[in-house]
There are 2 protein chains.
Amino acid sequence: MISATQSNHPLSGVIKPGESPLETACGHLRQARMRITKPRIAIIEALLQREAPVAIEQLHQELQRHQCDLVTVYRCLAAFEDIGIVRRSFQHNGTSLYELTLGAQPKHYHVACKACGRTDRVDYFPVEGPERMLAERGYTQITHIVEFFGLCPACSKKHARNAAPAIPATRL
Amino acid sequence: MISATQSNHPLSGVIKPGESPLETACGHLRQARMRITKPRIAIIEALLQREAPVAIEQLHQELQRHQCDLVTVYRCLAAFEDIGIVRRSFQHNGTSLYELTLGAQPKHYHVACKACGRTDRVDYFPVEGPERMLAERGYTQITHIVEFFGLCPACSKKHARNAAPAIPATRL
DNA sequence: TTTTGTGCAAACTTTTTGCAGATTG
DNA sequence: CAATCTGCAAAAAGTTTGCACAAAA
């Protein structure tokens, strides 16, 4: 269900031939007249090593060897989002997750377990239609988030054992 | 673009004939073995008066005459979400919005302006497919969020005047 | 050398928790 | 009456801001 094949990677198809993803990202920075700094490279490299969206705090921990301040991570991710090389999504508690896209549409979405936080993939489905309509209405810099939440199979079993059955939140 | 016709209301079709939306909500509470209290009724009534998702803080302000504590609003909305009568969505800054659904699927989604926060509607598109797949995988209590973000037409114009053109965040 | 970015500290906002007293069924 | 909910106060978590110094172009 979770594979790491190159063809499935969110960035396949975005990076130009003969160019590393990092170089592509730097190109985006240059076009936006942003400087290429050590912390930014470290953050991009950390993002490159992941397929699923990462929490800021976790990203910061993985960056410890680079001595990158948490505030810098916040500022860089916000800047990256502004220029569209990073995509923000949300956890069920409202905190942010980031993943590197380099401008590409996502190849899949995610489902996050409300109880244990584990994430898994959900097949991509196109939202170009609604986005095009917004563009026609005059909106710019359009992005979207799609997130699924639920109790994962493991937590569902625990939950059923412990809690008294209430109204099923979602009936399919 | 934003209409308040009854047929378009998110709750049309959910409330049983001869039953007010409030009564329906109370039924949900009872089934979940939750108590029907003054603050909860006030919150439900406040939600009923809105079509678009509301921020917690704003909801609290509209509840001032009911002397309902902000903490209670948080707790009630979380409980309402657990039993599925309320749907949570997010603003671009990560804060939560809530709307009453009484268990119904949404009739539309929203687009929020990153600059001024204004929200508007986006046509609903079905996500039953992915949700059914998750159910087959063993997930329970499945919900989803779909949010669009962008610069609204007005803010787009201002933005174009002020800022130097960077990489377009989204190309359609 | 000029502009932009970073680190540190502190402030701020939003959300959560503990507990005594009030309310519901 | 017993279980649940509320309000208050305080804490925690997450995020933003100001400013002096550092680094990039």
Side-chain angles (χ1 to χ4, degrees), chain A residues 22 25-44 46 53-61 63-83 85-86 88-98 114-115 117 163-164 166, chain B residues 25-44 46 53-61 63-83 86 88-98 114-115 117 163-164 166:
Chain A
L22 178 59
C26 289
H28 283 265
L29 291 186
R30 266 187 289 266
Q31 280 186 60
R33 298 187 191 91
M34 287 169 59
R35 295 190 172 167
I36 291 156
T37 65
K38 241 181 288 180
R40 285 177 181 174
I41 291 174
I43 290 168
I44 291 167
V54 213
I56 289 186
E57 188 61 50
Q58 191 176 355
L59 202 55
H60 178 235
Q61 281 174 22
L63 253 39
Q64 273 182 346
R65 68 194 62 187
H66 295 279
Q67 303 261 53
C68 178
D69 195 89
L70 178 61
V71 175
T72 300
V73 182
Y74 271 98
R75 286 197 267 227
C76 288
L77 289 175
F80 291 171
E81 191 190 8
D82 280 344
I83 66 172
I85 65 173
V86 133
R88 170 142 69 136
S89 53
F90 296 95
Q91 288 181 292
H92 196 249
N93 62 13
T95 61
S96 301
L97 302 177
Y98 288 88
K114 292 180 197 176
Chain B
C26 289
H28 284 265
L29 291 186
R30 264 187 289 266
Q31 278 186 61
R33 298 187 191 92
M34 286 168 60
R35 294 191 171 165
I36 291 157
T37 65
K38 241 181 286 178
R40 286 179 180 171
I41 290 175
I43 291 168
I44 291 167
V54 213
I56 288 186
E57 188 61 51
Q58 191 177 353
L59 201 55
H60 178 235
Q61 281 174 23
L63 253 39
Q64 273 182 348
R65 68 194 62 186
H66 294 282
Q67 302 262 54
C68 178
D69 195 89
L70 179 60
V71 175
T72 300
V73 182
Y74 272 97
R75 288 196 266 227
C76 288
L77 288 175
F80 291 172
E81 191 190 8
D82 280 344
I83 65 171
V86 134
R88 172 145 67 138
S89 53
F90 297 95
Q91 287 182 291
H92 195 248
N93 62 12
T95 61
S96 301
L97 302 177
Y98 288 86
K114 293 181 199 177

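Residue numbers start from 1 in every chain, and the chains themselves are labelled A, B, ... in the order their sequence lines are given, proteins ahead of strands.
At least one side-chain heavy atom of B:Leu59 sits less than 4.5 Å from a side-chain heavy atom of B:Leu77. Using a 4.5 Å heavy-atom cutoff, the side chains of B:Phe80 and B:Leu29 are in contact.
Closest contact between the side chain of A:Leu70 and the listed nucleotides D:dC5, D:dT15, C:dT4 involves D:dT15. Closest to the B:Asp69 side chain, of the nucleotides C:dG7, D:dG7, D:dA24, is D:dG7. Here the nucleotide nearest the side chain of A:Ile36, chosen from D:dC5, D:dA9, D:dA25, is D:dA25. Side-chain proximity of B:Pro39 to the nucleotides D:dC19, D:dT6, C:dG5 is greatest for D:dT6. If you check C:dT16, D:dT6, D:dT4 against the side chain of B:Arg35, the one that comes closest is D:dT4.
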Scan nucleotides 11-14 of chain C against the protein and return all N/O pairs shorter than 3.5 Å with their distances rounded to 0.1 Å.
none

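Between D:dC5 and B:Thr37, no contact under 4.0 Å exists linking OP1 or OP2 to a side-chain N or O. At the phosphate of D:dT6, neither OP1 nor OP2 sits under 4.0 Å from any side-chain N or O atom of B:Arg75. The side chain of B:Arg33 contributes no N or O atom lying less than 4.0 Å from OP1 or OP2 of D:dT4.
Of the possible polar contacts, one joining the A:His60 side chain to the A:Cys68 backbone as a donor-acceptor pair under 3.5 Å is found. No donor-acceptor pair under 3.5 Å is formed between the side chain of B:Arg88 and the backbone N or O of B:Ser96.
To the nearest angstrom, C1' of D:dT4 lies 14 Å from CZ of B:Phe80. The distance between atom CG of A:Leu29 and atom P of C:dT4, rounded to the nearest whole Å, is 15 Å.
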